[in-house]
Amino acid sequence: MTAIRPWLLVAAFSLLLFLITAATYSSLGVVIPAMVPELGWSWEHAFLGFSILGVFTGLSSWLPALLIRRIGVRGTVLVGVAVMAGGLACLSRVHALPIYFLGTALCGVGFQMAALIPGTHVLSAIFKQRALPFGIYFTFGALGGVAGPWMVVSILGATHDDWRLYWALQAVLVGLVGLVCAVAVGGPRWLEQAGAALDKVLDDEARAQHASGVVPGKVYHTDHEWSVRDAVRTPQFYVLLAAYFSHLLAGISAASLTQAHLTQLGVAGAVAAGMLSLEGLMQVVARLGGGAIGDRVDPRWLLVFAQGLLVIGLLALARADSTPLLVLYAVGVGVGFGLTVLAVSLLLLNYFGRRNNVELFSLTCLIGAVSAAGPFIGGFMRDRLGTFTPTFQLFAAVTAVVFVAALFMRPPTARAQA
């Protein structure tokens with residue numbers, strides 16, 4: 001494996017993650033206002049597509065791991081890109097709710113299969129120092145969230161609100177970039193050889209550290225010590241699962257409810273939208289910064305820091321009727337959301353090894369189906385209490401519990417497998 005190939009793969013998977021993020025979660029809410037008047041839908045039905053997108057993204061997270069073991073990364077990426085492009089094509093042809101819901105469901109399934117899980121699997125197999133490539137990879141995902149609304153505004157503005165053309169163009173772009181990514185991945189043999197060579201290096205280092213009495217700083221156990229069954233029996237796995245849940249719960253809820261919540265508090269609509277953009281920018285900064293330092297510090301401290309910021313950000317958002325609180329919300333939720341996924345990804349590798357990481361990361365992503373209930377809970381409480389404030393306070397309390405658990409978490413020991 002040449003020295004440049006790993007970084008070409010970082011670039012290919014990063015571009016694909018950037019595009020599928022821009023084409024789905026950060027585009028749908030901006031396109032819906034153009035779709036609703038033409039199709040005569042209620043807002044309730046239109047935004048139900050968001051819930052379907054989130055639920056299917058979470059529920060389908062087991063599928064990429066199965067396909068990777070059966071048909072390899074290249075085949076999984078190709079199938080995922082086909083599913084994603086098919087979902088976007090459905091959105092371009094929408095005339096009734098069933099095909100709309102089908103399109104959002106396919107986009108949710110394709111989101112996991114096209115890049116997220118295959119990407120982390122490939123990068124973990126070819127990099128010994130993983131924080132920087134993971135940081136770059138997740139940063140591009142965050143940039144897709146920033147770029148998506150601008151893509152919608154630009155294309156709809158240039159085509160007189162032709163939202164069907166927008167979805168069709170996104171389907172074509174996803175297909176083309178997905179093909180490039182699949183070609184870059186290549187066949188399964190070289191990846192297996194690269195992963196085996198890296199495993200041997202890490203195993204030798206771990207044995208040397210144990211023999212010398214030095215506590216390993218980055219890789220705590222050799223891969224063969226941790227099967228999926230053993231890993232899911234440890235409390236550490238459930239702390240990481242809870243952290244992934246809390247960051248999705250906070251991020252999805254803030255993205256969907258913030259505009260309505262802040263305007264109800266008297267914040268101007270343009271200012272509220274600006275705070276959402278600032279939050280997205282903070283995610284980018286967090287993932288770049290986390291990638292730069294993630295191999296120099298224990299990722300557990302990144303996780304503790306991220307969860308603490310999420311608590312602060314959610315509490316600030318609950319009462320964000322002043323500029324300091326608005327900025328505190330954007331920085332807290334943005335940095336906390338951006339760092340958590342990076343820290344969880346690194347800790348899963350550090351604690352349980354690479355060999356079964358694709359299954360463990362897939363299991364972790366399943367929790368996304370539950371966290372998609374955040375916007376529904378917010379709307380439910382708003383209808384009955386007249387405000388979104390208790391929702392954000394409730395979610396802050398949930399995240400605070402995870403913060404305490406992460407603070408006291410230690411690497412799993414061999415005794416935990418018994």
Side-chain angles (χ1 to χ4, degrees), residues 1 5-21 61 64-65 68 73 77 111-112 114-145 181 184-185 191 194-195 198-199 201-202 217-220 223 240-241 243-244 247-248 251 282-307 334-365 368 406:
M1 182 172 57
R5 185 170 188 179
W7 292 105
L8 288 176
L9 285 168
V10 171
F13 275 103
S14 296
L15 180 59
L16 184 57
L17 183 60
F18 167 86
L19 190 57
I20 65 174
T21 303
S61 61
I68 287 171
V73 175
V77 170
F111 190 93
Q112 296 284 26
L116 190 61
I117 291 175
T120 55
H121 175 65
V122 169
L123 298 185
S124 68
I126 60 179
F127 285 97
K128 177 185 174 183
Q129 302 294 328
R130 293 157 174 156
L132 181 59
F134 270 53
I136 293 171
Y137 180 57
F138 289 125
T139 294
F140 270 82
L143 284 171
C181 192
V185 169
L191 185 62
L198 180 60
D199 288 343
V201 171
L202 295 177
K218 297 302 174 188
V219 179
Y220 298 101
D223 286 348
L240 298 180
L241 185 70
Y244 201 82
H247 106 283
L248 286 177
M282 289 299 100
Q283 293 181 33
V284 174
V285 172
R287 290 176 181 180
L288 277 176
I293 67 173
D295 285 317
R296 296 177 176 86
V297 300
D298 188 339
R300 181 174 70 90
W301 292 115
L302 294 182
L303 182 62
V304 170
F305 180 63
Q307 293 291 294
V335 175
F337 183 90
L339 272 183
T340 296
V341 65
L342 175 64
V344 169
S345 300
L346 293 174
L347 285 168
L348 283 171
L349 285 163
N350 284 1
Y351 286 176
F352 307 115
R354 185 195 66 83
R355 193 160 296 146
N356 294 308
N357 181 256
V358 65
E359 285 84 6
L360 292 173
F361 188 63
S362 298
L363 289 172
T364 304
C365 291

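For reference, positions follow the sequence shown, starting with 1. The figures that follow rest on heavy atoms only: side chains count, while hydrogens, waters and symmetry mates do not.
- When all heavy atoms are compared, the tightest approach of Pro118 to Ile68 is CA-CD1, 4.0 Å.
- Distance check, rounded to the nearest 0.5 Å: CD1 of Ile117 to CZ of Phe111 gives 10.5 Å.
- Proximity of Trp7 to Ile126: side-chain heavy atoms (C-beta onward) are nowhere separated by under 4.5 Å.
- Rounding to the nearest 0.5 Å gives a distance of 11.0 Å between CG of Asn356 and OG of Ser362.
- Smallest separation of non-hydrogen atoms from Leu339 and Ala286: CD2-O, 3.4 Å.
- Contact record, Tyr137 with Gly119: OH-CA, 3.7 Å, taken as the closest heavy-atom pair.
- The shortest distance between side-chain heavy atoms of Val341 and Tyr244 falls below 4.5 Å.
- Between Ser61 and Phe361 there is no side-chain heavy-atom pair separated by less than 4.5 Å.
- Heavy-atom minimum distance, Leu303 versus Ala406: CD2-CB, 4.0 Å.
- Within the 4.5 Å cutoff, side-chain heavy atoms of Leu240 are placed close to those of Leu348.
- Each of Leu132, Val10, Val122, Leu9 was scored for a side chain to side chain contact (heavy atoms under 4.5 Å, CB included) with Phe127, with one residue passing: Val10.
- Remark: side-chain polar atoms of Thr139 are paired, donor with acceptor, to backbone N or O of Leu288 under 3.5 angstrom.
- Partner of Leu17 under the side chain to side chain contact (heavy atoms under 4.5 Å, CB included) criterion, out of Leu15, Thr21, Leu19: Thr21 alone.
- Atoms CD1 and CG, from Ile136 and Leu342 in turn, are 11.0 Å apart once rounded to the nearest 0.5 Å.
- Of the possible donor and acceptor atoms, one in the side chain of Arg5 sits under 3.5 Å from a partner among the backbone N and O of Ala184.
- Side chains of Phe138 and Thr120 form a contact here, defined as non-hydrogen atoms less than 4.5 Å apart.
- Taken to the nearest 0.5 Å, the CD atom of Glu359 stands 14.0 Å off from the CZ atom of Phe352.
- For the pair Leu347 and Asp298, the minimum side-chain heavy-atom distance is below 4.5 Å.
- For the pair Ile293/Leu302, a side-chain contact is recorded, criterion being any heavy-atom separation below 4.5 Å from C-beta on.
- For Arg287 (side chain) and Val335 (main-chain N/O), no donor-acceptor pair under 3.5 Å exists by modelled atom type.
- Atom OG of Ser124 sits about 10.5 Å away from atom CG of Leu346, to the nearest 0.5 Å.
- In terms of heavy atoms, Ala306 sits closest to Thr340 at CB-OG1, 3.4 Å.
- Distance NE2/His121 to CZ/Arg354: 6.5 Å, rounded to 0.5 Å.
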